[in-house]
Amino acid sequence: MYDFSDLNAEQTAAVNEINGYVRVIAGAGTGKTRALTCRYVNLVENVGIPSENVLCVTFTNKAAQEMKNRVKSMLGDNSPAKYITTFHSLAVKFFREEYNTISFPPFFDILDSEDSKFLIQVIIDKLKLRSTDLDTSVQKLLDKVHDAKIHNRYSYPEIFVSESMDDILKGMQTHDEDALVFYNFLYEQRKAFKLDFDDLIHVMLHVLNTNEKVRMKWQSRMQFVMVDEFQDVSYSNYAIASILSDMHKNLFIVGDPDQTIYSWRGAKVAYILNFEKMYPGAKTLFLNANYRSTPEVIKASNALISKNKERIQKSLVAINGKGSKVLYCHCKTATEEANFIARSIMSNVEKKKLTYSDFAVLYRAHFVSMPIEEVFRAKNIPYRVYSGTSFYERKEIKDMLSYMKLIFTDDDLAFRRVINEPLREIGLMTMKKIEQCAESSGCSLYKALKKMSGSIERPEADRFIEMIDSLRARYNDMKVTDIFMELLYKSGYESMLRRGGDEERLENLSELKAAIRKAESDSGETFQLQDYFDSIALYTNMDYTDATDKVRLMSVHAAKGLEFPIVFVAALNEGIFPSAKIKSYRELEEERRLAYVAMTRAEKGLVLSDSEGERTNSRKYPSRFIFNIERSAIDYMRELPRDLVTETEYFIRSSEQRLLSDRPSLFNVGDKVTHSLYGTGIVADKKFEQFLIKFDNRAEAPPIWIKGHALQSQKIKPAAQGIKSMPQS
């Protein structure tokens, strides 16, 4: 029996809550990953549930790998932990097993975002679409394809489960350009046996909803379902978890409504807030003891988030000892603000013997980093900007991964990427002949090149074929690291970079080698090339960390799930943070949650800053989030000018009045509602968050006004097959 005596009382209660529907509200830094890991170990080791019958889903590969490593350290290296995974990785495992449901072979491939862009470029050339800006056109068309899949246009999941391509071919006859691009994209996917990120989730959900045999098989297998970061689930994520847990009725969710910051990609805070309405009888537990931050950071963070209305009331309690007070610095210009941040970092590095990697500068929008970068460069402060581009989407990384992919599959996209990297005298005319040969023979571009090798007389192309075929004959008996190194050397790619003196790209390839070696070490002796690509295709920028001694500059969204000793939150100005784009009170609350996430990344020190100046022809005002924090919880390094405070307060009041007038109503006239004291009734009138209710058991009495938070809706959304109905929030 595994002993969990080192857990606190809240964590122990969560670990020991075994059966039924359970919601754990876990605040920032409260040890939720530890509690989740221990519950998994408790189920497998103490309760005796086989690990293949326990599903634990989280949102990043990094988090999933961390949990696997913790489980192995507790249960031993032989623990399979097969279903500690992300939603996308779960879908890959699902379709590796259920590939016949989509008429794919078991070795289907996964399109990442860079592959998808490359495929759009192929379609643009094929359809002879013209644009003055190809990069903009590619992204625009890719966004339209993504939007069509998200909103299930063209009955898109059904096309994947169909055995024929008739619907796709019929769609390719349309004169509508958007539909034409969409169907051509699907055609290229089906032809090459590829799924993208959207397909993995939406097609899996479609199969679970429509194929009873497959649904029953996976429901039977998943005796216990656990979902981490439940505040971030989309409808499709929620539906998959709901379906898989529906047979055994064991669904354990962990999350923090105060950290819901991804509504723009489908996350709905209502799923965690209304969990007990979806599953009557569900239990709710709380993790409130914060082990990450100082009491000063927690006090300021609690003060900020308490201003939100759409939340579950809770307050974090800091376990750590007293630290320094949260600082707020108001500056005259953005350059002065950047200089303040730089001086603070340099002073701490010099006097407190901290390293540059102990510091993170967080911001709402990427443009904020520009003056900070300029000052950092001038003062020789090493830094790294975490942008939206993933490490795994850099050209040299994609090139070498494409070489590796060609070893076990005839991938046309991979072939197109590397056939002339380095140059092999395969020009446009020769490439056209290869494409024509592939089309007429019904084969891949690589096989077409082999067919034509005697006629095109390109020695470099012959050496390319010899290299690929040689590795194809041996790769099952080789380590993935050895395959990578042989390709890097024999392809001439390393030599090409060295001749060009491209040290940065060589360093990136060295990091890729280290990442492959770590993946081999984590996965054990059975790790092969296909296993590596199953994981690497699903990696995002959140799964890559730079171990060098540099200050990290990143957006708050990118910082989610991370923590740093000292955090600077820069450009806390109205119109920047919160964003000028918000149009409703609900969006304002998400912005406040985003600020809360930024503040709770800090372990020992938190510094907030803003600057004056002009922005879009108006004066820059300090963010309302500064004023949301009581003065007792924050130390102003300089007092704000009185006229600026007056103008700012007027601006904020006017802004919030506009947002309140646009705020979506909790209920509409005619809705049926329930009150804990008066029972059921009908909404007769409304004003902001108050509703005039005519109660059924007070038929002779006049209607009375009730605040919205005291009422519950009786409206129920229609449920998809196998999914619990979701009360409206």
Side-chain angles (χ1 to χ4, degrees), residues 1-87 89-90 93 222-233 237 241 244-245 250-256 259 272 283-292 319 518-519 521-524 535 542-543 545 560-563:
M1 298 289 286
Y2 202 92
D3 179 27
F4 301 108
S5 57
D6 57 339
L7 299 178
N8 67 30
E10 294 174 340
Q11 293 168 334
T12 301
V15 168
N16 290 328
E17 196 63 62
I18 301 299
N19 294 308
Y21 293 97
V22 182
R23 173 179 64 177
V24 177
I25 305 299
T30 56
K32 70 177 180 62
T33 303
R34 177 161 176 70
L36 204 60
T37 304
C38 289
R39 186 176 189 269
Y40 182 95
V41 170
N42 191 30
L43 285 170
V44 173
E45 185 71 5
N46 296 350
V47 182
I49 308 298
S51 62
E52 61 266 27
N53 298 123
V54 181
L55 171 64
C56 184
V57 191
T58 188
F59 272 80
T60 67
N61 292 284
K62 182 180 176 183
Q65 189 59 53
E66 181 184 348
M67 281 195 63
K68 284 182 181 179
N69 292 340
R70 290 193 188 190
V71 166
K72 287 182 179 180
S73 70
M74 296 169 78
L75 296 181
D77 289 339
N78 293 326
S79 175
K82 180 179 180 180
Y83 291 113
I84 296 179
T85 183
T86 65
F87 275 105
S89 294
L90 173 64
K93 296 179 194 297
M222 299 309 174
Q223 297 178 29
F224 290 85
V225 177
M226 297 190 283
V227 183
D228 191 14
E229 305 287 4
F230 199 77
Q231 77 279 351
D232 292 332
V233 299
N237 299 145
L244 292 179
S245 61
N250 293 317
L251 177 59
F252 181 94
I253 68 162
V254 183
D256 183 4
Q259 296 186 71
I272 189 168
K283 297 178 181 178
T284 294
L285 306 175
F286 289 86
L287 300 184
N288 286 324
N290 178 281
Y291 293 91
R292 175 188 300 159
I319 301 301
K518 184 177 186 304
S521 174
D522 288 340
S523 299
S535 62
M542 295 175 72
D543 299 308
T545 53
K560 177 73 160 53
L562 303 178
E563 54 192 51

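All values below come from the heavy atoms of this structure, side chains included, with hydrogens, waters and symmetry mates left out.
Just one of Leu251, Asn250, Ile253 meets the side-chain contact (heavy atoms from CB on, under 4.5 Å) condition when paired with Tyr21; it is Leu251.
Qualifying ring-ring contact (aromatic ring centres under 6.0 Å, His included) partners for Phe59, counting only residues two or more places apart in sequence or in other chains: Phe87. For Glu10, the side-chain contact (heavy atoms from CB on, under 4.5 Å) partners at least two apart in sequence or on another chain are Asn8, Leu287, Asn288, Ala289. Taking Lys68 as the reference, nothing meets the salt bridge (charged side-chain N to carboxylate O under 4.0 Å, His left out) condition, with sequence neighbours excluded. Taking Asn290 as the reference, nothing meets the side-chain hydrogen bond (donor to acceptor under 3.5 Å, both in side chains) condition, with sequence neighbours excluded. Take Lys93 and apply the side-chain contact (heavy atoms from CB on, under 4.5 Å) test, not counting sequence neighbours, and it matches Tyr83, Thr85. Every salt bridge (charged side-chain N to carboxylate O under 4.0 Å, His left out) that Lys283 has, sequence neighbours left out, goes to Glu17. Shown here are the salt bridge (charged side-chain N to carboxylate O under 4.0 Å, His left out) partners of Arg23, two or more places apart in sequence or in another chain: Glu276. Shown here are the ring-ring contact (aromatic ring centres under 6.0 Å, His included) partners of Phe4, two or more places apart in sequence or in another chain: Tyr2. Evaluation of the side-chain contact (heavy atoms from CB on, under 4.5 Å) rule for Ile18 yields Asn42, Leu43, Val47, Phe224 as partners, not counting sequence neighbours. By the side-chain hydrogen bond (donor to acceptor under 3.5 Å, both in side chains) test, Asp232 is found to be paired with no residue, residues two or more places apart in sequence or in another chain being considered. Take Gln231 and apply the side-chain hydrogen bond (donor to acceptor under 3.5 Å, both in side chains) test, not counting sequence neighbours, and it matches Glu229.
A salt bridge links Arg70 with Glu66: at least one charged nitrogen is closer than 4.0 Å to a carboxylate oxygen.
The minimum heavy-atom distance linking Gln259 with Gly27 is given by the pair NE2-C, 4.2 Å. Closest of all the heavy-atom pairs between Ile84 and Ala64 is CG2-O, 3.7 Å. Considering all non-hydrogen atoms of both residues, Asp256 and Ala28 come closest at OD2-N, 3.8 Å. Between Thr30 and Gln11, the shortest heavy-atom distance links the atoms O-NE2, 3.3 Å. The minimum heavy-atom distance linking Ala241 with Val225 is given by the pair O-CG1, 4.5 Å. The two residues Ala81 and Ser51 make their nearest non-hydrogen contact at N-OG, 4.3 Å.
Atom CD of Gln223 sits about 5.0 Å away from atom CD1 of Ile49, to the nearest 0.5 Å.
Two residues are said to be in side-chain contact when any heavy atoms from C-beta on lie closer than 4.5 Å; Phe252 and Cys56 fail this criterion. Side-chain contact between Met226 and Val254: absent, with no pair of heavy atoms (C-beta onward) separated by less than 4.5 Å. In this structure, the side chains of Lys62 and Leu562 come closer than 4.5 Å at one or more pairs of heavy atoms.
Legend: salt bridge (charged side-chain N to carboxylate O under 4.0 Å, His left out) pairs involving residues 35-56, not counting sequence neighbours: none detected.
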